[in-house]
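Data block below; observations after.
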2 protein chains.
Amino acid sequence: MTAETIMVIDDDQDLRESIVEILDHDGFKAIGFETAELALREIKSLVPELVVVDNMMPGMGGMGLMALLKRNHPDIKIIMITAFSTVDNAVAAMKGGADDYLAKPFKREELLMAVKCNLETLKFEQKMIEAGMDDAFACLANQIRRQILVTLAGKKEMRFMDITRHLGISDHTKVNFHLKNLKNNNLVSQDRVKAYHLTRQGEKMVDCLHLLSKRIVQ
Amino acid sequence: MTAETIMVIDDDQDLRESIVEILDHDGFKAIGFETAELALREIKSLVPELVVVDNMMPGMGGMGLMALLKRNHPDIKIIMITAFSTVDNAVAAMKGGADDYLAKPFKREELLMAVKCNLETLKFEQKMIEAGMDDAFACLANQIRRQILVTLAGKKEMRFMDITRHLGISDHTKVNFHLKNLKNNNLVSQDRVKAYHLTRQGEKMVDCLHLLSKRIVQ
DNA sequence: TTTTTCTGTGAAGTAGAGTTCACAGAAGAC
DNA sequence: GTCTTCTGTGAACTCTACTTCACAGAAAAA
């Protein structure tokens, strides 16, 4: 696992170096910039996972940077820090695209918590984006396939016509179609005597189905 | 309609046979076991709909059995009975995965009520899996819709073009299509200023997504 | 004001999922 | 052996989900 890159942008040199040091010490790859303009120049070659930026700065300031960042790199998380903290201020920051908001002065732990929490969220979103779950959901999206999975989960092992009859479907080729689909997705498999049963993946799916049904129903 | 299978696991022979007799008399197919280990040996070939298990038993005991059961057969309902009933005891049992909890001594009617009630719930959950969930899964089956849901979950409220840019999709009408889909399925809604946000149902879906991603990825 | 961006609709086309049908070898029943 | 049931395949078709395009009023920026 490679260290996440974090940009720290603040015109206050003391605070900036202090933040960088805290993050570095916690295993991140933190880099400080004095102005938004300087940071933007670097961002082409060095894309960070997260940015910590001060609200009030000479030049384009935190809000201006944020607008540009969210447009060109929508997946970079932004934590805004500010000295003059008001509700309006915070709301404006969040509306402007900030992912988190810290009022000065903040504790070391608050900063680290915000950073880690947002990186966690980022990772989750990226996993969702990576697809991979498409197949899983596609399998669950069909009622017949769900029925087959649940049926097999209860009986543990069934022959082809047993499944077909159990579902009350007259056309056996339709069942065969979905069964093949499930087989291709490694949710069910066949043994030597052609009996179908769930794979470990398939069992997990049934597990998920039950969890979902409990959650969706209230 | 075929009789539901119920396992009764208690080291106290008198009580066990008494429970089995009550359930049998009411039309269930009840089978007694003296220990959790004996029950587990049978559970491969004989999957019950419901299990009545005593808390205090020699060997792995009720809690140990419950943990195993919930892992391997999450759809089996578990009623725990116990002699020394305290609040902590009950809470621990429910946290451990019990679906219901009976303190000894209990009346015949209490037992039957608990059993029937939990079987009813089970049937309801299974019916949910069979039908009704089509729309829910259809929503989750599409990657863009999942991305929108996750994005909104993180931001709580976003305008149309913010979402589009955040997803990095050039054609805004495509996003609009899926957004409308989500709206029609009551997963997202719009406020007066046209900002999109998750509904309660939508939040539940994101919740489900979390569960699934955790489960599917090992 | 004009101009651009935002937010959306509806029609047309495309791709893929799902269904149905015709057929056929394998396995059991007789 | 014959006959029936089981277990499947592949092609053709249908239907729906998804995409793309053209257009347009509303809101914001200039």
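Every chain is numbered from 1, with letters handed out A, B, ... down the list of sequences.
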Has B:Met113 got more than 12 heavy atoms of other residues, nucleotides or ligands less than 6.0 Å from its CE?
no
Starting at [atom1] of [X] and ending at [atom2] of [N], how long is that distance when rounded to a whole Å?
| X | N | atom1 | atom2 | answer |
| --- | --- | --- | --- | --- |
| A:Gln147 | C:dG18 | CD | P | 13 Å |
| A:Asn142 | C:dG16 | CG | P | 18 Å |
| B:Asp162 | C:dC6 | CG | P | 9 Å |

Minimum heavy-atom separation for A:Asp24 to A:Ala30, with atom names?
OD1-N, 3.2 Å
With a strict under 4.0 Å distance from non-hydrogen atoms of chain A, what nucleotide opens and what nucleotide closes the contacted stretch of DNA chain D, reading 5' to 3'?
D:dC6 to D:dT9
Distances for protein N/O vs nucleotides 25-30 of chain C N/O pairs under 3.5 angstrom?
none

Establish, from distance only, whether the side-chain atoms of A:Asp100 and A:Asn118 form a donor-acceptor pair under 3.5 Å.
yes
Just to verify, what does B:His25 make a side-chain hydrogen bond (donor to acceptor under 3.5 Å, both in side chains) with, not counting sequence neighbours?
B:Arg108
Applying side-chain hydrogen bond (donor to acceptor under 3.5 Å, both in side chains), can you list everything that pairs with A:Glu109, at least two apart in sequence or on another chain?
none
Those residues of residues 173-180 of chain B lying under 4.0 Å from DNA chain D by at least one heavy atom:
B:Thr173, B:Lys174, B:Phe177, B:His178
Under the salt bridge (Lys or Arg N to Asp or Glu O under 4.0 Å) rule, collect the residues that match up with A:Asp54, sequence neighbours excluded.
A:Lys104
